[in-house]
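In this text, all values refer to a predicted model and were calculated from it rather than measured experimentally. Because only heavy atoms are used, hydrogens play no part in the values below, and waters and symmetry mates are left out as well, while side chains stay in.
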Amino acid sequence: QEQLVESGGGLVQTGGSLRLSCAASGRTFSRYAMGWFRQAPGKEREFVAISWSGGSTTYADSVKGRFTISRDNAKNTVYLQMNSLKPEDTAVYYCARGGGAGGVYSMSGYDAWGQGTQVTVSS
């Protein structure tokens with residue numbers, strides 16, 4: 001069974017940066033697409049970015065050009081580098097493993113989730 005543990009969240013001012021990490025356990029990490037989602041209070045969880053197992057990446061329009069997803073398969077870890085942070089980026093950020101029946105841009109495309117890490121961007 002895969003375990004995903006996010007870390008690196010915190011409080012940052014507008015324009016600042018944070019790097020989130022997601023440490024995974026279990027077999028065959030390298031063959032899975034890994035995604036980041038976020039959920040603000042009172043809102044549904046939304047897609048942020050995905051790192052495909054082949055190395056390509058895809059981003060939500062809201063974070064494109066500011067966030068970078070990367071992975072280190074040797075360390076079973078996926079990262080989300082967040083630059084130029086805005087107050088609207090405030091949310092709990094979740095790491096997820098691809099493998100669900102749905103598309104990867106929705107929650108149904110993933111079969112394992114971390115517990116989340118809080119990111120708060122102050123104005």
Side-chain angles (χ1 to χ4, degrees):
Q1 183 176 352
E2 187 75 13
Q3 292 183 332
L4 305 175
V5 181
E6 302 96 335
S7 62
L11 175 64
V12 65
Q13 294 182 342
T14 297
S17 298
L18 286 172
R19 189 176 77 157
L20 307 183
S21 298
C22 173
S25 62
R27 291 182 170 87
T28 62
F29 173 84
S30 63
R31 71 183 295 175
Y32 293 101
M34 300 295 296
W36 285 97
F37 282 69
R38 66 187 182 185
Q39 187 167 21
K43 297 184 178 180
E44 294 186 347
R45 197 170 298 184
E46 66 175 353
F47 170 79
V48 175
I50 185 169
S51 172
W52 300 96
S53 60
S56 61
T57 59
T58 305
Y59 299 91
D61 288 342
S62 59
V63 307
K64 195 173 299 181
R66 300 187 298 119
F67 290 10
T68 302
I69 187 171
S70 61
R71 66 195 297 156
D72 187 337
N73 289 333
K75 296 181 178 180
N76 283 6
T77 302
V78 62
Y79 305 94
L80 185 68
Q81 178 67 46
M82 305 184 294
N83 298 326
S84 301
L85 283 162
K86 306 173 181 179
E88 52 263 44
D89 295 319
T90 295
V92 176
Y93 283 71
Y94 297 90
C95 176
R97 185 186 72 180
V104 296
Y105 306 117
S106 65
M107 292 180 61
S108 61
Y110 301 83
D111 62 6
W113 293 85
Q115 83 290 342
T117 185
Q118 177 71 48
V119 172
T120 303
V121 184
S122 65
S123 60

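Taking every heavy atom of both residues into account, Leu18 and Gly8 meet most closely at CD2-O, 3.9 Å. Contact record, Ala24 with Leu4: CB-CD2, 3.5 Å, taken as the closest heavy-atom pair.
Taking CE of Met34 as the reference point, atom CZ of Arg97 lies at 8.0 Å (rounded to 0.5 Å). To the nearest 0.5 Å, atom CZ of residue Arg45 and atom OG of residue Ser106 are 12.5 Å apart. Interatomic distance, OG1 of Thr14 versus CG of Leu85, reported as 8.5 Å (0.5 Å rounding). The OH atom of Tyr93 lies 7.5 Å from the CG atom of Leu80; values are rounded to the nearest 0.5 Å. Taking CZ from Arg19 and OG from Ser70, the interatomic distance works out to 7.0 Å, rounded to the nearest 0.5 Å.
Under the rule for a side-chain contact (heavy atoms from CB on, under 4.5 Å), the partners of Ser17 that lie at least two apart in sequence or sit in another chain are Gln81, Asn83. Under the salt bridge (Lys or Arg N to Asp or Glu O under 4.0 Å) criterion, Arg66 pairs with Asp89, not counting sequence neighbours. Under the side-chain contact (heavy atoms from CB on, under 4.5 Å) criterion, Ser122 pairs with Leu11, Gln13, sequence neighbours left out. Under the rule for a side-chain contact (heavy atoms from CB on, under 4.5 Å), the partners of Asn73 that lie at least two apart in sequence or sit in another chain are Phe29, Ser30, Arg71. Judged as a side-chain contact (heavy atoms from CB on, under 4.5 Å), and not counting sequence neighbours, the contacts of Ser62 are Arg38, Ala60.
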List the steps, then state whether side chain to side chain contact (heavy atoms under 4.5 Å, CB included) holds for Tyr79 with Cys22.
CA-CA 6 Å; Tyr79 305 94; Cys22 173; over 6 Å; no

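In this structure a side-chain-to-backbone donor-acceptor pair under 3.5 Å is present from Gln115 to Glu6. A donor-acceptor pair under 3.5 Å links the side-chain atoms of Thr90 to the main chain of Val121, judged by distance alone.
Hydrophobic cluster membership is shared by Phe67 and Ile69, with clusters built from Ile, Leu, Val, Met, Phe, Trp and Tyr side chains linked at under 4.5 angstrom. Cluster membership for Val119 and Val63, using ILVMFWY side-chain heavy atoms within less than 4.5 angstrom, is shared.
Trp52 belongs to a hydrophobic cluster whose other members, connected by ILVMFWY side-chain contacts under 4.5 Å either directly or through intermediates, are Phe37, Phe47, Ile50, Val92, Tyr94, Val104, Tyr105, Met107, Tyr110, Trp113.
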